[in-house]
Structure formats: C-alpha cells, structure tokens
Amino acid sequence: MSAVYLRGVGAVSPAGWGVDSLYQAILHGHSLQTKELNRPSGRKPHQARLCPPPPFRPSWIAHPRLRRSSPISQYALGAACEALEMGGIPLDGSCAEMGIVVAVFTGCVQYSRRFYQEVLNDPSTASPLIFPETVFNAPASHLGAFLKCAAANYTLVGDTGTFLAAAAVAANWIQMGKVKHCIVLGAEEADWLTAEGVTLFKRHSILAEGSGAILLSNAPHPAAAAPIRLISVSNEFLYAGRTPENALQSSLQELGPSSGPETIVIHSGEGAHPLLPATPPKPAEKPVGWSPQQLLGEGLMAGSSWQAVLAGAALMRRDAREAIVSIAGLHQHAIAAKFALEEG
Amino acid sequence: MRSSDYLTYPWFIPSFTAKNCSVLFPSLPQHNRPRRVVITGAGIVTAFGMGWRLNADGFAQGNRAFREVSLFDVSRQRVKVAAEVSLPNHLPETALGKRASARLERAAKMLLFAADEALAESNIARVTRSLPIVLGTTSGGMMLGEAFYRKAVQAGGSTRNQAERVSHYLAQAQAISLAEAFQLSGPVTIIANACAAGGNAIGHAWEMIRHGQSNQALAGGYDGLSQLVFAGFDSLQALSPTICRPFDQHRDGLALGEGAAVLILETLEQAEKRGAAILAEIVGYGSATDCHHLTQPHPEGEAAIRTMADACRMAEVMPEEIGYINAHGTGTALNDGAEAAAINTWAGAAAAQIQVSSTKASIGHLLGAAGAVEAVISTMVLKEGWIPPTRTTQTVDPAAKFKLVREPQTDAKINYVLSNSFGFGGSNASLLFRRWA
C-alpha cells in the first residue's frame, strides 16, 4: 500500500496564531495567562486560557460563510489555512480532491448555549441566526465552502483520542484513492458550560481553546528534504473492561517499538508516561516528551490536535526522527500514533 | 434468538480484554480487491413502534405517526406536533444491568432497542464480538445536556447528578453504552454530519468492510427529540404548520421525529460461510459536500447529483435500473426542489420511470437517524416487495419529473433501491441497495 505523508501543520492556540507560537511556547515552557469565565449561577468563575486575537486580520475572515460563525470555525479556518499553505496546497479551490475530517468533543457550544437560553426565555423569539451555527459540522462545512471542496467531508465526535481516529479515516481514504489529500482538524471553543462539565471530572482543570490541523497526502511536499510519514494509528482501546493505564499501554504496544533516542513522545497526560523516563531531562538536553495540555490547559479535541501538530513540527525541524502521539482520553479510550521521517 | 441469549452459551468469551483485530491505520490489505457487503441484521425504532414488523406495516400503508409533543413544552412554539416514540418501560436484557440501563438517555435507549433487534437477527455475536461501531447522530443525548444546562444556571443549584448528566449527554456515550451492553470491542466512530449522518455512518462502515479493514460492522443512526432542536427548526420556520407533504406543489415545511436504526453488515463470504440469512446487499455509496450554504441546498442539487451518480457508478448500475428512490424529501420548499432537480438531471429521460417517495411524511425527519432508518426501509422494500407511499402529497410539484408514489404498492419486485440523505452543512450521502435473491 502506498505511504501517507504529513505535508503541513497549522495551529491556533492560547499561545497565539501559528505553529511557531505553539512550538516556542512548549519548547521554552512559556507561562500563559488565564482568564475568567463567569458563571451565571454566581459561583466562582472558571479559569481558561483563551486564544488571543490574530496578529493581523486574516483574509479568509471576510468570507461570507464566516459572517455569523462562532470562534470555533474561525480557529478551524486559521489552523487549516496554515497547514494547507505549508503543504503547498492552494486555497483557491483548485484542489478538488481534498477531503476534510474534523474532530470535536463539545463543538459549537457557545451558540448552542446562547440559543438554548433564548429557548428557555421564550422559544417563539429564539434567534434563527444562531441555530444553524450550533450543528457539530458547521466548522467543517465552512472550511469546505471556503476551499470550494465538494469531496468527502466528515465531522467526528468523541473523546479526545478521536483526533487520531480522524487521522486514520483520512489516511485510509488516501490509500483507498477516495481523495489525494485530506485536512484533519481538531477544534474547540471555550465556554463556561464546557468548563462546568470538565471540572466535574478534573477538578482543577483550566480549559483551553483553539484548533490544530495536519495535512495528509498521498505524496510528500515536492520541496521536502526528508518527508514525514504517518506510520500507524493504533486501535482505539476502550476503557470499558480495563483500566485507562492498561488501555494506554495496549495502544502503545500496538505501535511497536520506538526507534530509540531520537523519538519524541507527545502525550496528553500529566505526570508519568510509560514511554518517558522518570527523571525529566535537564534544560540543556534534548526534550524527549511534551504535553501541550500541561502548559495550555485542557483543550479537549484541540489539545489532542496540538499534540499531532507538535509531533509534525518536531520532525520538520529535525528535533526528532520519530514522534509518538499518545492520547489517554477523558472517559472513553486510549489511542496512539506514530510519525517518522522517511529516510533515503 | 434474542441477542442476550448469547451470554449464556458456553462458547461465549468476553472480548473486552482480547486483542483487537487490527490497527486503525494502516488497515487496508495489500491486495485490495473490493469485497461484497451484505446486511444480515436490521433493527428499527420509530414512532410507528419497535421493530421491523410494526414499522414495515406502517410504511407499506403510508400511515402517519404524529402526535402532540409530550417531552417538553411546545405551547410557545408555532408547531406542536412531532413523531414521538412511545418507549417501553423495560429495556432489552443486556450486560449493562438495570441500574446502568435506567440512567441511559432517551436516544440511547432507542439505539439499544434497535441494536438488540439487529444483533439478534444476525447472530453475528456467535462468530465475533470484534465489531466496529459506526453511528450517525446530530445531538447525542441532548435532553440530558439541556437538563445539565438548566441545573447549571440555577442560582445556588447543587452539582448533584451533574456528572452523570454530562457523561450520558456526550454523543459518544450512547455508543459506549451500546458497546458495553452487547460487549462489543469497537472501535467506535460517531459521524455528526447533520441530517446525512446516518447515511454517512452506514456508507463508512460499508467502505471499511469493502476495503478489508474489517469483516463486519454495526452501523446506524439515532436521534431523540429535544427542545433545543425542535425550537431551532421552528425558529427557522422550517417546520410545517399543517402536515408534511414532500414534493407537493404547496408544501410548507418538514415535521420532526425521533428514532434509531441499526444494520449489521458483513462480507458476503463470511455471511455465507456461517449460514446467515441475508436481507440485502449494499452495492454503492456516494458522499459529497454541497458548498452552497450552511442550511440551504444548491438549487440544482449539484452535490446530490454527484452522490447518486457515484453510488450507481460503483455498482455499474444505470438510472433506469433503479426501481425506487427513498428520497430525502423533507417537505421544505428548497430541499425538495433541489432534490427533484438533482434526480431529473442525474436520471435524465429515465427519471419519468423511477418511482420515488419520502417516508418523512409518515414518521417525520429523524435527523441523524434518518439515513439509517431509511436504509432499513430500503431493505424492507427489497425484501417484502412494497413501496411506501407519500400519501400526504396532493398536488405533485411539476418540477418532479419522476413518479411520486402516493398509494400503497404491494406488488413491486424491485432490484435496486437508492436512498438519499442531505443535511445542514451540505453533507450529502446516497446509498444503493440490491435485492438479495
């Protein structure tokens, strides 16, 4: 079967707009401010790390489809456009065989909450402008319209590991010949309602928002000195009937052994990871493991997409030769993926 | 045999801790010759009732199953009716147990019933529990999400039961409950492509099996009525204030419903080897995106033309061979106009001979469940030889060049059924089914 390549990455995160902002923040351990998300019940506000405004007004923001969109769609466009431009794919709609797979955990929660409050106030006056933007597939639809892509376009919903499952869907589509390229995207927008839910399970969580995108393709970027391949995505190991630790171990075992000291592990958890040494490396030493969630907060599907983006970026910058993305979901599953430089 | 019976058989081996069949990627065999995929089990829950027979009888006669909404207050809504399911008090006996079952959200219960019927019919659990689960939904456990919100905004409200509400509201929770109930090992894929989600889910599962990623799968869709969604469509003035009349010249909107449907898909080879009864074969699937507008289809139905053409091209079937199209047919001015235009363009001269109807006139638009329920209806049509009529349509829109079926037809030997699903966001899906002789 033909290889599947990672051609581009893109990110919007509390560290800023662009992969570089994310990468530098993680590399240097930047401290990022939190903001309060006020709760209507008068209880203590939740804390969140929000995406800053873009440094300049992006051209795509003027697209008619984004006029009424909520932040999640804008983050998705931002990350996707960066990944596509990096991957040498034009944004003018000339790339017809482009698939889109978007993964979300809570999705368009801001407008859903606002609309439902209007319904509770008086359903006869609830705004029809907001309702359409509440659907899970609104970001994927706006992205497809912007790129003028009429090909396959799925929105997957699930626990945070669903981003890697989405990458597997995209990679299989490419190998089946259904599409030549596929943008895989994870996105979330922060809202006090989401924070309310997350903190029931992870008490001191700080919510984060944004998006991460990877561009997969049936061919490497023509200018790539050392192409990056998606080697494998493990099965999804459900927590039912096993411990999360057991599920995580199983997902890592399926990837096979790592290639050694030039492997970086991008993981989702706090604390120890089975593949990482107990003692973290000294500041001057090469990093062996990162968790964007530790720095940025609980980004749900955006968080797991940043993991994949960081993996790709580390390989592109030759900070590693192999990258393992390891995700222990909040409640459903564990899953892992391996990317590597294609040598020779 | 009921699906719960397999729990007592001596050959039952729990598979939760067994190694799963293969990685998610790469998962296509080296020599990838497409395999034939058949349906060996079907389960359905709609406002007509639980199960194949009640639904087949209702659809065959073109009955209607609407009543005043009882699940939430509709007194301030323009429209007061929907095709609401009467859920039995007792759920099927599964590995979940009574306490866990009682906590399930409404949509999850409907899904459980549908899966129970499909699994029992297929008997697939005798062979394997390694069943990928692919489901479509638009709102997951929304009623619990609404309850969570109402509690969260209460001043001084406690967090009691909030964790449980969140757990069971999330869209993946219903699938996980299903996996636990029937001890299936997954993986789990939830496709949220709006009103095409059910069609996309079945199509995706079909592709997985066809291309060798798995030998079998459980695929379907589900959605329960919820106040948010009902009010949403009402706010758009998309709901009919009279009755839903697909392809009627004076149609004035859609009607909502709820339900669930599940198919068990497997390779023909496996089905024949284990002596499974085959209901029908899926021979084509088209999926495309309509980039025209978030909620409105392209007036000429460009993406719909593509999905119908792709589904038929895969099976090398010409439009004139299609005996029946189960249309998306919501009853809105824009959808039915675009779909009619698409069928006319795709089928050309053959359109005049193609029989078309929309079962949404009977049970409403089931959103994420629609494509899956209509897949089961398509299977019924092929198996039992009837075509469900759209009896509410009085004056057929002249734009519809096809034969709109408005009276029951019980002597229809059809070889191919095409089922269309089109959704918000431009998600379009078409599935092609072939009669199993």
Side-chain angles (χ1 to χ4, degrees), chain A residues 1 39-42 65 112-113 115-116 119-120 122-124 126-128 131-138 140-142 144-145 148-159 165 167-169 171-172 175-176 193 196-197 200-201 230 232-238 240-242 254 331-332, chain B residues 14 16-17 20 22-28 30 76-78 138 140 146 148-150 152-157 159 162-163 166-167 171-172 176 179-180 185-194 200 207 211 213 227-228 231-232 234-236 287-289 291 294-295 303 306 424-427:
Chain A
M1 275 284 162
R39 298 153 84 178
S41 53
R65 278 292 205 104
S112 298
R113 174 184 52 73
F115 184 77
Y116 188 54
V119 171
L120 291 177
D122 184 353
S124 67
S127 170
F131 175 65
E133 294 285 349
T134 66
V135 296
F136 278 121
N137 61 326
S141 174
H142 294 323
K148 301 191 187 78
C149 283
N153 183 329
Y154 281 5
T155 295
L156 305 186
V157 181
D159 200 357
V169 167
N172 285 320
Q175 284 197 336
M176 277 178 209
L193 190 61
E196 195 91 355
L200 287 171
F201 299 94
L230 171 61
S232 65
V233 179
S234 77
N235 214 321
E236 174 200 31
F237 286 85
L238 300 177
R242 54 160 65 89
E254 264 201 355
H331 70 108
Q332 173 183 340
Chain B
F16 271 151
T17 54
N20 289 302
S22 66
V23 295
L24 294 187
F25 174 80
S27 59
L28 304 185
Q30 200 62 24
R76 296 283 298 166
Q77 306 281 183
R78 247 178 11 123
T138 65
E146 292 171 349
F148 175 82
Y149 177 78
R150 291 194 300 271
V153 297
Q154 265 180 19
T159 57
Q162 286 291 67
V166 169
S167 296
Q172 59 271 34
I176 298 300
E180 288 185 34
S185 61
V188 169
T189 305
I190 312 290
I191 297 178
N193 273 17
N200 284 131
E207 280 185 336
H211 291 282
Q213 284 178 263
Q227 189 178 25
L228 187 154
D234 206 30
S235 75
L236 291 172
S287 74
T289 309
C291 298
L294 186 58
T295 57
R306 179 171 168 164
F424 274 12
S427 303

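Naming convention: chains lettered A, B, ... in sequence-line order (proteins, then strands); numbering from 1 in each chain.
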Query raised in the report: Just wondering, do A:F131 and B:L228 contact through their side chains at under 4.5 Å, heavy atoms?
Result: yes
Report task. Supply the atom-to-atom distance A:L238 CG to B:E180 CD, rounded to the nearest 0.5 angstrom. Result -> 8.5 Å
Query raised in the report: chain A heavy atoms under 4.5 Å from B:A163: which part of the residue, side chain, backbone, both or neither?
Result: both
Report summary line: d(B:T189 OG1, A:L156 CG) to nearest 0.5 Å is 6.5 Å
Query - Contact origin within A:S234 toward chain B - heavy atom pairs under 4.5 Å - result: backbone
Query raised in the report: OG/B:S167 to CD/A:Q332 distance, rounded to the nearest 0.5 angstrom?
Result: 12.0 Å
**Report entry** Region of B:D234 that comes under 4.5 Å of a non-hydrogen atom in chain A
**Finding:** neither
**Report entry** Donor + acceptor pair across side chains of A:Q175, B:H211 (<3.5 Å)
**Finding:** no
Requested in this report: Below 4.5 Å from any heavy atom of chain B, which atoms of A:R39 appear? Answer side chain, backbone, both or neither.
Outcome: neither
Report summary line: CG of A:N137 to CD1 of B:I191, rounded to nearest 0.5 Å, is 11.5 Å
**Report entry** chain B contact via A:N153 - side chain, backbone, both or neither, heavy atoms under 4.5 Å
**Finding:** both
Requested in this report: Grab the two heavy atoms, one from A:G144 and one from B:C291, that are nearest each other, plus how far apart they are.
Outcome: O-SG, 3.6 Å
Report summary line: The reported gap from CD1 in B:I176 to CG in A:D159 (rounded to nearest 0.5 angstrom) is 8.0 Å
Query raised in the report: Do B:S235 and A:V119 have side chains that get closer than 4.5 Å, going by heavy atoms?
Result: no
Query raised in the report: For B:R76, is it the side chain, the backbone, both, or neither that has a heavy atom closer than 4.5 Å to a heavy atom of chain A?
Result: both
Query - A:A151 backbone acceptor or donor facing B:T289 side chain under 3.5 Å - result: yes
Report task. Heavy-atom distances under 4.5 Å only: say whether B:Q154 touches chain A with side chain, backbone, both or neither. Result -> backbone
Query raised in the report: For B:S27, is it the side chain, the backbone, both, or neither that has a heavy atom closer than 4.5 Å to a heavy atom of chain A?
Result: both
**Report entry** Close side-chain approach of A:E196 to B:Y149, heavy-atom, < 4.5 Å
**Finding:** no
Query - Interchain contact, A:F201 with chain B, by part (heavy-atom threshold 4.5 Å) - result: side chain
**Report entry** Most contacts with chain A, counted as non-hydrogen pairs under 4.5 angstrom, among B:F148, B:F25, B:F424
**Finding:** B:F25
Query - Which of A:G158, A:A145, A:A138 touches chain B most, by non-hydrogen pairs under 4.5 Å - result: A:G158
Query - Most chain A-contacting option - heavy-atom pairs closer than 4.5 Å, from B:V166, B:T295, B:L236 - result: B:L236
Query - Closest-packed option against chain B by number of heavy-atom pairs under 4.5 Å, given A:A140, A:S112, A:P132, A:G197 - result: A:P132
**Report entry** Heavy-atom pair count under 4.5 Å with chain B, highest-scoring of A:A171, A:A168, A:A150
**Finding:** A:A150
Report task. Could you tell me which portion of A:V135 (side chain, backbone, both or neither) has an atom closer than 4.5 angstrom to a non-hydrogen atom of chain B? Result -> side chain
Requested in this report: Could you tell me the separation between the NE2 atom of A:H142 and the CG atom of B:L294, rounded to the nearest 0.5 Å?
Outcome: 5.0 Å
Report task. For chain B, find which of A:L230, A:L200, A:V169, A:T155 contributes the most heavy-atom pairs closer than 4.5 angstrom. Result -> A:T155
Report summary line: Checked B:A303, B:A171, B:S287 vs chain A; the most non-hydrogen pairs under 4.5 Å come from B:S287
Report summary line: Comparing B:G426, B:G140, B:G425 against chain A, the one with the most heavy-atom pairs below 4.5 Å turns out to be B:G425
**Report entry** Segment of A:L193 engaging chain B (4.5 angstrom heavy-atom cut-off)
**Finding:** both
Query - Side chain proximity check, A:N235 to B:L24, heavy atoms < 4.5 angstrom - result: yes
